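Right, one structure below, let's go through it.
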Amino acid sequence: MYKKLGILGGMGPLATSRLYSEIIKSSRVKRDQDHIDMVILNASYIPDRTEAILHKGESALPYLLNALKTLENCGCDLIAIPCNTSHYYFDELQNNCKIKILNMIDLTAEILKNLGVTQTYLMATEGTVKTGVYQKYLGKKNIKIISPTDEETKEMMRVIYKIKAGVNPDLSKLEEIARHYDKLNILGCTELSTVKFRNIKYIDSMEILKDKILELFGIKKSI
């Protein structure tokens, strides 16, 4: 049984806040002391992952490694990273960290496999889409990803960066795009997990991460 969760957050802060809030709300407990002991590092100083990976921006990797070391020093024995794009670095992060890091994308792939899904449409940042990080893990489960076109990716980036800026975005065009493919969509960006989609079918990667955390800490979800 794990004892202390570390959340490497700040990518972005709203998504980090949402994960923490959902963990608390989904925990069936009777008192403060029954909740998961956790350390939340809002590492908002980490450079933009899409810029770093695709557009020759400053690398996020050394900052991520430094943040992991901070969580190690705080006594955490399990780490969650509520940022899909940062999973591009996952192998290197895990290889340089003594603590188990939950792989949100691999967890999502496992759930999709268990649901019998064979094809899905990816809603994510340009960095996540173009690096093929979801294709890497879903491909192992024989699940085909329909990647958004460049124009569709631009609309996703518009919505995602509106959310990062604290603006409530118009989701109608993005929902129209997703409905066109008539598949179970993946919310593959944790910013998208913070808004309410009403007209599409989707599975939420951050929701899956939250459920796994509750399972590993032996806390049942609220009904």
Side-chain angles (χ1 to χ4, degrees), residues 5-27 35-36 38-53 60 64 67 79-88 90 101-108 111-112 120-129 133-134 148 152-179 183-214 221-222:
L5 174 67
I7 297 180
L8 201 177
M11 303 174 284
L14 184 61
T16 304
S17 173
R18 178 59 181 251
L19 176 60
Y20 172 67
S21 176
E22 289 301 311
I23 290 172
I24 299 305
K25 289 193 294 184
S26 297
S27 298
H35 281 281
I36 295 172
M38 70 179 81
V39 176
I40 301 171
L41 179 56
N42 191 55
S44 54
Y45 54 82
I46 296 174
D48 185 285
R49 281 62 60 198
T50 293
E51 285 295 317
I53 296 166
L64 288 163
I79 291 175
I81 307 176
C83 170
N84 284 270
T85 311
S86 68
H87 282 63
Y88 169 79
F90 185 85
I101 305 171
L102 291 174
N103 188 317
M104 179 164 52
I105 300 178
D106 197 30
L107 291 171
T108 301
I111 293 294
L112 288 168
T120 182
Y121 179 68
L122 178 61
M123 301 170 66
T125 65
E126 181 187 18
T128 298
V129 170
V133 64
Y134 262 90
E152 291 167 355
T153 300
K154 286 180 182 178
E155 178 59 19
M156 290 181 197
M157 293 295 282
R158 183 193 69 80
V159 169
I160 289 165
Y161 280 90
K162 285 282 187 182
I163 296 168
K164 285 181 178 291
V167 177
N168 189 25
D170 179 1
L171 301 175
S172 58
K173 186 174 180 180
L174 188 51
E175 288 185 328
E176 181 182 351
I177 290 169
R179 284 198 306 272
K183 301 293 180 185
L184 179 65
N185 306 287
I186 298 175
L187 298 189
C189 173
T190 50
E191 261 68 48
L192 297 179
S193 303
T194 68
V195 295
K196 187 66 175 178
F197 290 96
R198 301 184 184 278
N199 301 304
I200 61 171
K201 300 175 292 183
Y202 63 86
I203 190 165
D204 183 350
S205 60
M206 192 157 73
E207 181 81 6
I208 291 168
L209 177 64
K210 179 260 295 181
D211 288 347
K212 190 64 175 181
I213 289 167
L214 295 176
K221 291 193 297 180
S222 298

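Note that the coordinates shown come from a computational prediction; the quantities given were computed from them, not determined experimentally.
- Taken from CG in N185 to CZ in R179, the straight-line distance is 10.5 Å, to the nearest 0.5 Å.
- Although no hydrogens or angles enter the test, the distance criterion places a donor-acceptor pair under 3.5 Å between the side chain of S205 and the main chain of L187.
- Of the possible donor and acceptor atoms, none in the side chain of E191 sits under 3.5 Å from a partner among the backbone N and O of K164.
- When every heavy atom of A60 is checked against every heavy atom of A52, the shortest pair comes out as N-CB, 3.9 Å.
- When all heavy atoms of C189 and A124 are compared, the closest pair comes out as CB-CA, 4.1 Å.
- Looking only at side-chain heavy atoms (C-beta outward), L192 and F197 come within less than 4.5 Å of each other.
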Under the criterion side chain to side chain contact (heavy atoms under 4.5 Å, CB included), I'd like the reasoning laid out for I23 against I7: C-alpha separation, chi angles, the key distance, then a yes or no.
CA-CA 11 Å; I23 290 172; I7 297 180; 4.3 Å; yes
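- With values rounded to the nearest 0.5 angstrom, I46 atom CD1 is found 8.0 Å from C83 atom SG.
- Closest non-hydrogen pair, T194 versus A15, comes out as CG2-CA, 3.8 Å.
- Remark: the backbone N or O of E207 is not paired with any side-chain donor or acceptor of E22 at under 3.5 angstrom.
- Here the CD1 atom belonging to I177 is positioned 11.5 Å from the CG atom belonging to L171, to the nearest 0.5 angstrom.
- For the atom pair N84 CG and M11 CE, the distance stands at 10.5 Å (nearest 0.5 Å).
- For Y121, the ring-ring contact (aromatic ring centres under 6.0 Å, His included) partners at least two apart in sequence or on another chain are Y181.
- In this structure, Y20 places its OH atom where only 12 or fewer heavy-atom neighbours from other residues, nucleotides or ligands lie under 6.0 Å away.
- With a 4.5 Å cut-off on side-chain heavy atoms, I213 and I36 count as touching.
- Other residues, nucleotides and ligands contribute over 12 non-hydrogen atoms within 6.0 Å of the CD atom of E51.
- Annotation: side chain of V159 is not in contact with side chain of V195 (no heavy-atom distance under 4.5 Å).
- Y202 approaches I200 most closely through the heavy-atom pair CD2-O, 3.7 Å.
- Residues M157 and K154 have side chains not in contact (no heavy-atom distance under 4.5 Å, counting atoms from C-beta outward).
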Tell me, with the steps shown, if H35 and I24 meet side chain to side chain contact (heavy atoms under 4.5 Å, CB included).
CA-CA 7 Å; H35 281 281; I24 299 305; 3.8 Å; yes
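- Among the candidates T85, I105, L122, the single residue satisfying the side chain to side chain contact (heavy atoms under 4.5 Å, CB included) test with V133 is I105.
- For the atom pair CD1 (I40) and OG1 (T16), the distance works out to 8.0 Å, reported to the nearest 0.5 Å.
- Panel note: side chain N42, backbone S44; no donor-acceptor pair is recorded below 3.5 Å.
- Within the 3.5 Å criterion, the main-chain N or O of P13 finds no donor-acceptor partner in the side chain of S17.
- Taking a 6.0 Å sphere around CG of N199, one finds it holds more than 12 heavy atoms contributed by other residues, nucleotides or ligands.
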Test log, rule side chain to side chain donor-acceptor pair (under 3.5 Å), inputs T125 and T128:
CA-CA 5 Å; T125 65; T128 298; 3.1 Å; yes
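- Between L214 and S26, the shortest heavy-atom distance links the atoms CD1-CB, 3.6 Å.
- Side-chain N or O atoms of T120 include one that pairs as donor or acceptor with a backbone N or O of L184 at under 3.5 Å.
- Remark: R158 pairs with E155 by the salt bridge (Lys or Arg N to Asp or Glu O under 4.0 Å) rule, at least two apart or across chains.
- By the salt bridge (Lys or Arg N to Asp or Glu O under 4.0 Å) test, K183 pairs with no residue at all, sequence neighbours left out.
- Side-chain contact between I186 and L112: present, with at least one pair of heavy atoms (C-beta onward) separated by less than 4.5 Å.
- Scanning both residues, I163 and P169, for their nearest heavy atoms gives CG1-CG, 3.8 Å.
- To the nearest 0.5 Å, atoms CD1 (I81) and CD1 (I101) are separated by 5.0 Å.
- Looking only at distances, a side-chain donor or acceptor of H87 sits under 3.5 Å from a matching main-chain atom of M104.
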